[in-house]
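One structure is given below, encoded as structure tokens.
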Amino acid sequence: KISIVSILVAYLAFKWIAPRFDPESLKGARVLVTGASTGIGEQMAYHYARFGAQIVITARREKVLQQVTEKCLSLGAQKALYIAADMASESDPDKVVDFALEKLGGLDYLVLNHIGPTPFAMWEGDMEHTRWLMKVNFFSYIQMAWRALPSLEQSKGSLVVVSSLLAKMTNPFTLPYSSTKFALNGFFGSLHHELAMKKSNVSISICTLGLIDTESAMDKVRGVTKIPAYPATEAALNIIIAGATRQLDLYYPWFTQVVHIMKELFPWATNYVIQNYSYNYNP
Ligand code: NDP
């Protein structure tokens, strides 16, 4: 019989044999982080800097990127460079990867993290916004990944994709955003199979995050939900470790995995809680 104790023992054994994180492995690592002017991306840039990595960061606001790179250098980055780019453009995703490849001489980590701003509101049929968001949050990711793959293949590198619990379970108020994240999980989960079948050197990490206390997220959900928010700096460190240890899946905070399992096991009950207890909504 399978008991709770045997499941727990198997889980602990799996954790024990899982690769350990060696901070030294990031010394001199060549990293490109997108969406790094604020939020989790900015925190990832600072962690990589403390580990002595060589970093290229990107987002749209040049002035802010400049300040982040200066801080990265003061924290210990071997190199810190920035390139301003708009991920809604068809050419900028390639331009950014080419810049990083040229300046760093190759890539060990491509960390795809940026998202375009999107309203936290009921879907009112805004197709233009949804198409635009798909370009920023999805098409640019797959374009950059494809461009960087040959270099990652050479370096036995890693592709890190920052996703969300909203890519695992549906919710109200974030339809376009959630759709882009479902698309990412579908694409990169499938790419993982193809790379494994081709015996590729490149690892993929898909990071499922719960609510994180970044300014942009908090501005949207303040007073609307009581779901607890977790620190961006800790989320950032967990993402970096998932990439460095070549884990396919990260759940942060840990209970997002439990929430996902509950949704699979008890969809009716989970939907009831989402619709009636998770948000302050009075039509
Ligand atoms: P932020 O809104 O704080 O940061 C978004 C980043 O993307 C900024 O650096 C922004 O910079 C950049 N960006 C926005 N639009 C564009 C564009 N058109 N082209 C290029 N860059 C752009 O996001 P978070 O830190 O909160 O989220 C980071 C990741 O974590 C995302 O993938 C998100 O889905 C995921 N996540 C976050 C959660 C949360 O609660 N915070 C929960 C679950 C997942 P600029 O404006 O300068 O362009």
Side-chain angles (χ1 to χ4, degrees), residues 26 29-36 40-41 44-45 48 53-60 81-116 131-164 166-168 177 179-209 236 239-250:
L26 293 177
R30 299 160 302 173
V31 185
L32 168 56
V33 184
T34 70
I40 299 165
M44 284 196 277
Y48 277 122
Q54 309 181 60
I55 319 163
V56 168
I57 60 169
T58 186
R60 289 167 305 177
L81 302 153
Y82 65 87
I83 174 167
D86 184 350
M87 291 298 164
S89 129
E90 273 181 26
S91 53
D92 279 10
D94 285 346
K95 185 182 87 180
V96 170
V97 174
D98 292 348
F99 175 85
L101 292 175
E102 190 206 320
K103 299 290 178 191
L104 305 180
L107 271 178
D108 299 299
Y109 293 93
L110 171 59
V111 184
L112 296 166
N113 162 79
H114 62 277
I115 43 165
R131 272 198 202 98
W132 173 83
L133 200 66
M134 209 67 186
K135 276 191 205 161
V136 177
N137 291 12
F138 176 66
F139 287 118
S140 68
Y141 275 53
I142 67 178
Q143 193 176 342
M144 291 180 84
W146 187 247
R147 192 82 166 187
L149 261 179
S151 172
L152 292 172
E153 196 70 61
Q154 272 181 13
S155 64
K156 202 172 183 291
S158 301
L159 259 172
V160 180
V161 178
V162 181
S163 190
S164 164
L166 299 183
K168 301 266 187 194
Y177 169 79
S179 309
T180 65
K181 292 294 184 184
F182 265 85
L184 280 180
N185 278 34
F187 184 91
F188 285 99
S190 306
L191 182 63
H192 168 75
H193 290 305
E194 294 194 355
L195 293 181
M197 290 162 82
K198 286 196 250 183
K199 310 248 180 296
S200 159
N201 282 326
V202 181
S203 72
I204 294 189
S205 299
I206 301 175
C207 305
T208 299
L209 304 184
I239 296 166
I240 290 172
I241 293 173
T245 53
R246 303 171 83 83
Q247 285 172 56
L248 174 59
D249 283 307
L250 164 73

Item to check | Minimum-distance pair of heavy atoms, taken over all atoms of Trp132 and Gly116 | outcome: CH2-CA, 3.8 Å

Next on the checklist: For a side chain to side chain contact (heavy atoms under 4.5 Å, CB included) check, start with the C-alpha distance between Arg147 and Val96, then their side-chain angles and the critical distance, and finish with the verdict.
Outcome noted: CA-CA 10 Å; Arg147 192 82 166 187; Val96 170; over 6 Å; no

Checklist entry - Is any side-chain N of the basic residue among Asp98 and Lys95 closer than 4.0 Å to the acidic one's carboxylate O? => result no

Item to check | Phe187 and Phe138 aromatic ring geometry - parallel, tilted or perpendicular at 30°/60° bounds | outcome: perpendicular

Next on the checklist: Quick check against the 3.5 Å criterion: does Gln54 have a side-chain atom that pairs as donor or acceptor with the backbone of Lys103?
Outcome noted: no

Next on the checklist: To the nearest 0.5 Å, what is the distance between CG on Asp92 and CD on Gln143?
Outcome noted: 9.5 Å

Checklist outcome for this item: One should read off an interatomic distance between Phe139 CZ and Leu133 CG, to the nearest 0.5 angstrom, of 11.5 Å

Checklist entry - Could you give the distance from OG1 (Thr180) to CG (Asn185), rounded to the nearest 0.5 Å? => result 10.0 Å

Checklist entry - Taking it one step at a time, do Leu184 and Asn137 satisfy side chain to side chain contact (heavy atoms under 4.5 Å, CB included)? => result CA-CA 8 Å; Leu184 280 180; Asn137 291 12; 5.6 Å; no

Checklist entry - How far apart are the C-alpha atoms of Ser205 and Leu250, what are their side-chain angles, what is the distance that settles it, and do they pass the side chain to side chain contact (heavy atoms under 4.5 Å, CB included) test? => result CA-CA 7 Å; Ser205 299; Leu250 164 73; over 6 Å; no

Checklist outcome for this item: Separation between CD1 (Ile206) and OG (Ser164), nearest 0.5 Å, reads 13.0 Å

Checklist entry - Do Thr58 and Phe99 touch side chain to side chain, with heavy atoms closer than 4.5 Å? => result no

Checklist outcome for this item: Closest heavy-atom pair, Ala45 versus Ile55, reported as atoms and distance to 0.1 Å, is O-CD1, 3.5 Å

Next on the checklist: Within the structure provided, determine whether Ser163 and Phe188 are in side-chain contact (heavy-atom separation under 4.5 Å).
Outcome noted: no

Checklist outcome for this item: Nearest heavy-atom contact between Ser155 and Asp108 is CB-OD1, 3.3 Å

Item to check | Verdict with supporting geometry, Lys181 and Leu166, side chain to side chain contact (heavy atoms under 4.5 Å, CB included) | outcome: CA-CA 7 Å; Lys181 292 294 184 184; Leu166 299 183; 5.6 Å; no

Next on the checklist: I want to check something: taking the side chain as every heavy atom from C-beta on, are Ser151 and Arg30 in contact at a cut-off of under 4.5 Å?
Outcome noted: no

Item to check | Side-chain heavy atoms of Val111 within contact of Ile240, under 4.5 Å | outcome: no

Checklist entry - So which heavy atom on Ala100 is nearest to which on Leu32, and how close? => result CB-CD2, 4.0 Å

Checklist outcome for this item: side chain to side chain contact (heavy atoms under 4.5 Å, CB included) with Val56: of Ile83, Leu107, Val97, only one passes, and it is Ile83

Item to check | Gap between atom CG of Leu110 and atom OH of Tyr141 - 0.5 Å precision | outcome: 10.0 Å

Next on the checklist: Under a 3.5 Å distance rule, please check whether His114 uses its side chain to pair with a backbone N or O of Ala59 as donor and acceptor.
Outcome noted: no

Checklist entry - Can you tell me how far the CD atom of Glu90 sits from the OG atom of Ser140, to the nearest 0.5 Å? => result 11.5 Å

Item to check | Over all atoms of both residues, closest heavy-atom pair of Arg60 and Asp86 | outcome: CG-CA, 4.0 Å

Checklist outcome for this item: Residues Leu159 and Leu152: closest non-hydrogen pair is CG-CD1, 3.9 Å

